[in-house]
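This report refers to the structure that appears directly beneath it.
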There are 2 protein chains.
Amino acid sequence: MTPVNLKSLAEELNMSIATVSRALRDSHEVSEATKQRVRALAAARHYEPNAYASSLRRNISKTIGVVIPKVANHFFALAINGIEEAARQAGYHVLIYLTHDDYAREVSIVQHLKGGRVDGLLMSVASGTEDFAHIKSLREANIPIVFFDRVCAEVATAKVTTNDYESGYQATEHLIQAGCQHIAHLLISNNLSIGQFRQQGYLDALAAHGRLADPDLILHGVMDNQQNVGLIRELLLRRPDIDGIFASVERLAISAYHVCNELGRRIPQDIKIIGFSNLEAASLLDPPLSTITQPAYDIGREAAKILLRAVEKKKAVLPSQSVVLESTLFQRRSTAQG
Amino acid sequence: MTPVNLKSLAEELNMSIATVSRALRDSHEVSEATKQRVRALAAARHYEPNAYASSLRRNISKTIGVVIPKVANHFFALAINGIEEAARQAGYHVLIYLTHDDYAREVSIVQHLKGGRVDGLLMSVASGTEDFAHIKSLREANIPIVFFDRVCAEVATAKVTTNDYESGYQATEHLIQAGCQHIAHLLISNNLSIGQFRQQGYLDALAAHGRLADPDLILHGVMDNQQNVGLIRELLLRRPDIDGIFASVERLAISAYHVCNELGRRIPQDIKIIGFSNLEAASLLDPPLSTITQPAYDIGREAAKILLRAVEKKKAVLPSQSVVLESTLFQRRSTAQG
DNA sequence: TTTATTTACGTAAACGTTTGCAGCAAATCG
DNA sequence: CGATTTGCTGCAAACGTTTACGTAAATAAA
């Protein structure tokens, strides 16, 4: 089977490769009649331009990369959904990479992407990441980057986040209003910006109601969920006075549910729980889980749009283009009074 | 900033581009001493090969495409996880495309991929797809394809599926054992192979227990969940004798929960429900949902491995390489006796 | 010593596309 | 009618890499 490319089309049409190329790109320098002929044959032969040749020549890949910790998580899944939508509309392709919250893997991925495989990058940094040299080097390679959700404060670029501080404050206040006296806070990594903001909201809300923050009530979760269950169990046994839990991430809220079931603590009578979550079935849990839900789809879509605008105009993304979207607190039975 | 490529490295080292290229690829035709020098400078200059130039020249992209209906679904999210893992290990990149179960979009995506952007394709077909010409044309372009879960029977290639017939049979029998007399079956599209298998399992299980299948109890869901809720409500109101539901997909099981809540039907006392699902929180639902859970991660990983083997050896994927993995039935309270 | 063989490197041609430049008609203008 | 513009097309050089082939020197075989 002979390959179908510009050359073969040109030969069959008795014209130059240049003319065929221009006709297909709808250049004004080629007559309408010729365009018709070219397009007709291209369609007949099912011509598809070689993306790599084009990318090489134009130094444009029409591809963006997405680097995230994991995909088996409703938040990131929805974000990808938004990203893919924005990319598709702009005619871009989406490469996906998972770090599994592993710093070394993140570095390796970013290094490889400097080869020009992508025109731009969307990223939610791994929780283990503390050094950002690899990301900064991307900027030297002139590859624009936009952070979403888990941003890197040290890098001057656009970031798409949610109002994490306010949400943390709001969630904590919600528990206080519901009558909780001793509120625990479960979070993952505290070098993650979002963790810091949410925690600050938690602390400030406590302070605003005259409560003093107890460091013993702040639990740092780990990667492994099984291990988290153990940590939470230990916490609840050590501090039986805990009557409210604010989980900074979905997994921890779920683990807390399991522990409460196991220990026979009734939700919400004995302990009230609220957590960040994009779980669709939150309202079907036993009891329905009160959540702070981030607009994940919009976050992804917005981040992609900002990136693509920069890519198209070949301009750097500016920190000033950052966007903060609002999360929504859904009050359900897990934080009901009494 | 001058570009760092083979040319610039060669100039600085006073050798030819060819030697630099060979040194970096660890060719045996270059002396160890030279390799050292080249590697040292490449590292110092942070050289990253241009992926597109390499792909163009070698006609190999080191990239596979994944075409799936959606990503905001735990099954597909886990599958992507498995795919990414296998791809990463083999040094491949992963392009992702969502069809949203839209046939036209699927065709458009597949068409574009014929341009050689990917070395191979993993696919779970859209529920609206009935014509497979676009997929067959991929094979003409010599792009191997492996289906997973939602396979296309007409295309002779490897498929990675689960034992859908047995699962459908098992789920139905489970409901019968639990005492259900009138079991409804909720499914999406019946031109999807998996739907057919599961339904056949349902029908055969009924027959094996001397029940006659009632077409009125088979509900075909649609894309929109809100609409599905309406359809299910209508079904349950029209047929108050229904005391068991076998949902072929997670969404429909969730919708059924919502309808039961709304209509005051108690699960499992009035109606027992079992459904295909990869929902992590299934055990936390009210009541905990009995599920048939597919090994989604393994499905993705296995499919990717088969594809990558074929890609590496430049051989076609054969139907004989198909794999059937087993799903697991988790019995929970939604199908408890009494 | 001469003749093979091996080793280590360079030359140059691809891969398929895009695009600056030039050419050459026909059309327009002075 | 000559000069200039305009519209269309072709030529050829890129983009950065890989690799078949050639070649010179060094080594081995004769």
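Values reported hereafter were calculated over all heavy atoms of this structure, with side chains retained and with hydrogens, waters and symmetry mates removed. Every chain is numbered from 1 and lettered A, B, ... according to where its sequence line falls, protein lines coming before strand lines.
For A/His112, the side-chain hydrogen bond (donor to acceptor under 3.5 Å, both in side chains) criterion is met by no residue, not counting sequence neighbours. Shown here are the side-chain contact (heavy atoms from CB on, under 4.5 Å) partners of B/Ala310, two or more places apart in sequence or in another chain: B/Val317. Under the rule for a side-chain hydrogen bond (donor to acceptor under 3.5 Å, both in side chains), the partners of A/Ser16 that lie at least two apart in sequence or sit in another chain are A/Thr19. Listed by chain and number, the residues in a salt bridge (charged side-chain N to carboxylate O under 4.0 Å, His left out) with B/Glu48 amount to none (sequence neighbours excluded).
Of the candidates D/dC8, C/dC9, D/dG10, the closest approach to any side-chain atom of A/Met15 belongs to D/dG10.
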Between the protein and nucleotides 11-17 of chain C, list every N/O to N/O distance that falls short of 3.5 Å.
residue: C/dA14; atom: N3; partner: B/Arg57; partner atom: NH1; Å: 3.2
residue: C/dC15; atom: O2; partner: B/Arg57; partner atom: N; Å: 3.4
residue: C/dG16; atom: N2; partner: A/Ala53; partner atom: O; Å: 3.4
residue: C/dT17; atom: OP1; partner: A/Tyr47; partner atom: OH; Å: 2.4
residue: C/dT17; atom: OP1; partner: A/Asn50; partner atom: N; Å: 3.3
residue: C/dT17; atom: OP2; partner: A/Leu6; partner atom: N; Å: 2.6

Please tabulate, one pair per line, all N/O donor-acceptor pairs under 3.5 Å involving side-chain atoms of residues 143-152 of chain B, not counting sequence neighbours.
residue: B/Asp149; atom: OD1; partner: B/Gln294; partner atom: NE2; Å: 2.9
residue: B/Arg150; atom: NH1; partner: B/Asp101; partner atom: OD1; Å: 2.7
residue: B/Arg150; atom: NH1; partner: B/Val125; partner atom: O; Å: 3.4

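Nucleic acid contact class of A/Thr34 (heavy atoms, under 4.0 Å, all strands): sugar-phosphate only.
Rounded to a whole Å, the CD atom of A/Glu29 is 20 Å from the P atom of C/dA26.
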